[in-house]
Amino acid sequence: MPTKLDLNDFKRMLNEKSWEEAMEYKDSFVPKELYKYFPLFDENYINFKEDNKKRLKTFSNNKIWVSSYENFNDPFEFKMLILDQERLSGSTQKINNVERILEEFKKRTMIACFSCEVDNNMPLWAHYANNHLGYCVKYTISNPKVIFPVLYEPVRVKTAAIPSMIVSEMLQAYSQNLKEPTENFYKYFFYFYLSLTCKHLHWQYENEYRLLYETPDSAKGFEVPLSEVGLAVESIYIGYKCNELYKEELISIGRRLDCKIFEMHFDEHSETFELKTKRIV
């Protein structure tokens with residue numbers, strides 16, 4: 001069995017089998033545990049105290065923040081699929097309507113990002129934990145259905161069939177007053193859904209996984225209880241440059257959540273560039 005999910009294999013399974021089987025195939029590539037990095041800002045940032053307080057309060061309340069793709073640092077987020085306008089021009093669906101409907105799906109899909117590494121992933125500690133001033137949380141996963149491995153692709157995919165079929169199935173369901181989407185809708189929609197977790201090869205060092213959370217209305221972001229998305233805090237890893245005040249607060253939160261607490265250390269005597277963990281609670 002392959003060790004990583006392949007976009008073409010997923011598409012083949014959607015074509016040859018049921019969408020439930022395709023999703024089970026996807027779920028088989030979701031680890032039992034994932035890590036998420038959090039920044040804690042300092043005086044170099046405006047309103048840093050308020051931002052840190054909000055972040056730690058969300059964490060202490062056993063919740064996680066999910067965000068719109070528009071807030072992310074990659075301008076190509078959610079842009080894996082390219083509408084083939086030449087092929088769509090002969091379709092009964094106008095191109096602008098297809099684009100509008102797909103964009104609405106994107107805006108209603110909130111994201112939380114994770115990685116499968118903690119110890120020696122220097123770029124993640126630097127980029128997402130504010131140069132080791134922040135912390136990392138290890139979560140156990142009990143609901144792999146909402147977690148998607150990020151696929152790193154060299155080029156984007158030009159398509160006409162997928163978006164036009166999604167819109168066609170939606171209109172058919174509406175005209176027939178169907179309470180549940182058809183099998184075909186699920187198949188095309190989940191291929192589109194998986195495209196929201198595709199990024200360029202340049203990002204593959206992140207080993208990213210994404211929690212995708214649907215909301216009835218578009219939003220910039222909001223808190224979600226961990227229990228609602230099948231996550232549970234297992235451990236906290238405190239950055240080796242974390243401010244002592246925040247370190248004490250993280251230890252207090254960890255005790256309240258009854259989880260393991262580690263502190264990251266740089267081994268000054270090692271010949272290799274390594275971060276090491278030291279359990280403190």
Side-chain angles (χ1 to χ4, degrees), residues 2-10 26-41 55 59 64-81 106 109-141 143-157 193-213 221 224 226 229-231 233-242 262 264 266 272-277:
T3 58
K4 293 185 178 181
L5 178 63
D6 183 90
L7 188 61
N8 290 324
D9 285 344
F10 185 83
K26 184 276 297 179
D27 292 348
S28 69
F29 293 95
V30 176
K32 301 296 184 184
E33 300 167 337
L34 286 171
Y35 301 86
K36 183 169 179 59
Y37 293 80
F38 296 88
L40 287 172
F41 298 116
R55 181 168 291 105
F59 180 37
I64 194 166
W65 183 266
V66 292
S67 177
S68 167
Y69 79 94
E70 295 174 309
N71 296 329
F72 284 29
N73 59 1
D74 182 1
F76 299 106
E77 286 288 359
F78 283 17
K79 297 186 185 297
M80 176 64 179
L81 296 182
K106 293 178 182 180
T109 304
M110 301 290 108
I111 315 164
C113 302
F114 304 84
S115 181
C116 58
E117 299 180 61
V118 64
D119 287 2
N120 288 308
N121 201 319
M122 301 289 191
L124 295 189
W125 276 107
H127 298 162
Y128 298 107
N130 192 24
N131 296 319
H132 304 265
L133 289 171
Y135 60 101
C136 179
V137 179
K138 180 180 180 180
Y139 295 95
T140 56
I141 312 298
N143 182 20
K145 295 186 181 302
V146 299
I147 305 292
F148 290 75
V150 169
L151 306 177
Y152 300 99
E153 303 293 333
V155 294
R156 299 167 70 195
V157 175
Y193 212 45
L194 198 67
S195 77
L196 304 184
T197 64
C198 291
K199 301 189 70 170
H200 190 269
L201 285 172
H202 290 323
W203 296 91
Q204 63 185 342
Y205 72 90
E206 294 185 339
N207 290 317
E208 185 183 345
Y209 291 78
R210 288 184 169 179
L211 183 156
L212 299 184
Y213 185 92
V224 176
L226 294 182
V229 289
L231 298 179
V233 176
E234 201 274 346
S235 305
I236 301 172
Y237 296 82
I238 301 173
Y240 85 93
K241 291 167 60 177
C242 185
F262 298 86
M264 305 304 296
F266 181 76
T272 59
F273 293 93
E274 288 186 287
L275 284 175
K276 293 189 176 181
T277 58

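The analysis underlying the following values was restricted to heavy atoms, covering all of them including side chains, and did not include hydrogens, waters or symmetry mates.
- Looking at residues two or more places apart in sequence or on another chain, you find a salt bridge (charged side-chain N to carboxylate O under 4.0 Å, His left out) between E234 and K138, K260.
- Residues that satisfy the ring pair (Phe, Tyr, Trp, His ring centres under 6.0 Å) test with F262, not counting sequence neighbours, are Y237.
- Taking CG of N71 as the start and CD1 of I111 as the end, the distance is 9.0 Å to the nearest 0.5 Å.
- Contact annotation: the side chain of W125 approaches that of L275 to within less than 4.5 Å [non-hydrogen atoms, C-beta and beyond].
- To the nearest 0.5 Å, the span separating CG on L211 from CG on L226 amounts to 9.5 Å.
- Across all non-hydrogen atoms, the minimal contact from C242 to G134 is CB-O, 4.3 Å.
- Rounded to the nearest 0.5 angstrom, C116 SG and N207 CG are separated by 4.0 Å.
- Inter-residue side-chain proximity for T197 and P149 is flagged as unmet; no heavy-atom pair is nearer than 4.5 Å.
- In this structure, CZ in F38 is found 16.0 Å from CG in L133, a value given to the nearest 0.5 Å.
- Residues passing the ring pair (Phe, Tyr, Trp, His ring centres under 6.0 Å) test with F266, sequence neighbours excluded: none.
- Partners of F148 by ring pair (Phe, Tyr, Trp, His ring centres under 6.0 Å), not counting sequence neighbours, listed by chain and number: Y193.
- By the side-chain contact (heavy atoms from CB on, under 4.5 Å) test, P39 pairs with F41, R55, N130, sequence neighbours left out.
- In this structure, the side chains of C136 and K36 stay at 4.5 Å or more apart for every pair of heavy atoms.
- Under the side chain to side chain donor-acceptor pair (under 3.5 Å) criterion, D27 pairs with no residue, sequence neighbours left out.
- Among residues two or more places apart in sequence or in another chain, the salt bridge (charged side-chain N to carboxylate O under 4.0 Å, His left out) test is passed with E70 by K220.
- With a 4.5 Å cut-off on side-chain heavy atoms, V146 and L212 do not count as touching.
- Residues satisfying the side chain to side chain donor-acceptor pair (under 3.5 Å) criterion with Y152, sequence neighbours excluded, are absent altogether.
- At least one test fails for K26 against the ring of F29: distance under 6.0 Å to the centre or angle within 45° of the axis.
- The structure places CG of L231 at 7.5 Å from OG1 of T140, a figure rounded to the nearest 0.5 Å.
- Considering only heavy atoms from C-beta on, Y128 comes within 4.5 Å of E206 through its side chain.
- Partners of D6 according to the side chain to side chain donor-acceptor pair (under 3.5 Å) rule, which considers only residues two or more places apart in sequence or in another chain, do not exist here.
- The ring of Y139 has its center closer than 6.0 angstrom to the ring center of F114.
- To the nearest 0.5 Å, atoms CG (L40) and NZ (K241) are separated by 13.0 Å.
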Show every donor-acceptor pair shorter than 3.5 Å between a side-chain atom in residues 74-81 and any protein atom, with sequence neighbours excluded, or say none if there are none.
| from | atom 1 | to | atom 2 | distance (Å) |
| --- | --- | --- | --- | --- |
| D74 | OD1 | F76 | N | 3.0 |
| D74 | OD2 | W203 | NE1 | 3.3 |
| E77 | OE1 | R210 | NH1 | 3.0 |
| E77 | OE1 | R210 | NH2 | 2.8 |
| E77 | OE2 | K199 | NZ | 3.3 |
| E77 | OE2 | R210 | NH2 | 2.7 |

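- Inter-residue side-chain proximity for L5 and L194 is flagged as met; some heavy-atom pair is nearer than 4.5 Å.
- Residues F72 and S67 have side chains in contact (heavy-atom distance under 4.5 Å, counting atoms from C-beta outward).
- Taking the side chain to side chain donor-acceptor pair (under 3.5 Å) definition, one finds that T109 meets it with E214, sequence neighbours left out.
- Contact annotation: the side chain of F59 never approaches that of I64 to less than 4.5 Å [non-hydrogen atoms, C-beta and beyond].
- Among all heavy-atom pairs drawn from W65 and G221, the shortest one is CZ2-C, 3.3 Å.
- With sequence neighbours left out, H127 forms a ring pair (Phe, Tyr, Trp, His ring centres under 6.0 Å) with no residue at all.
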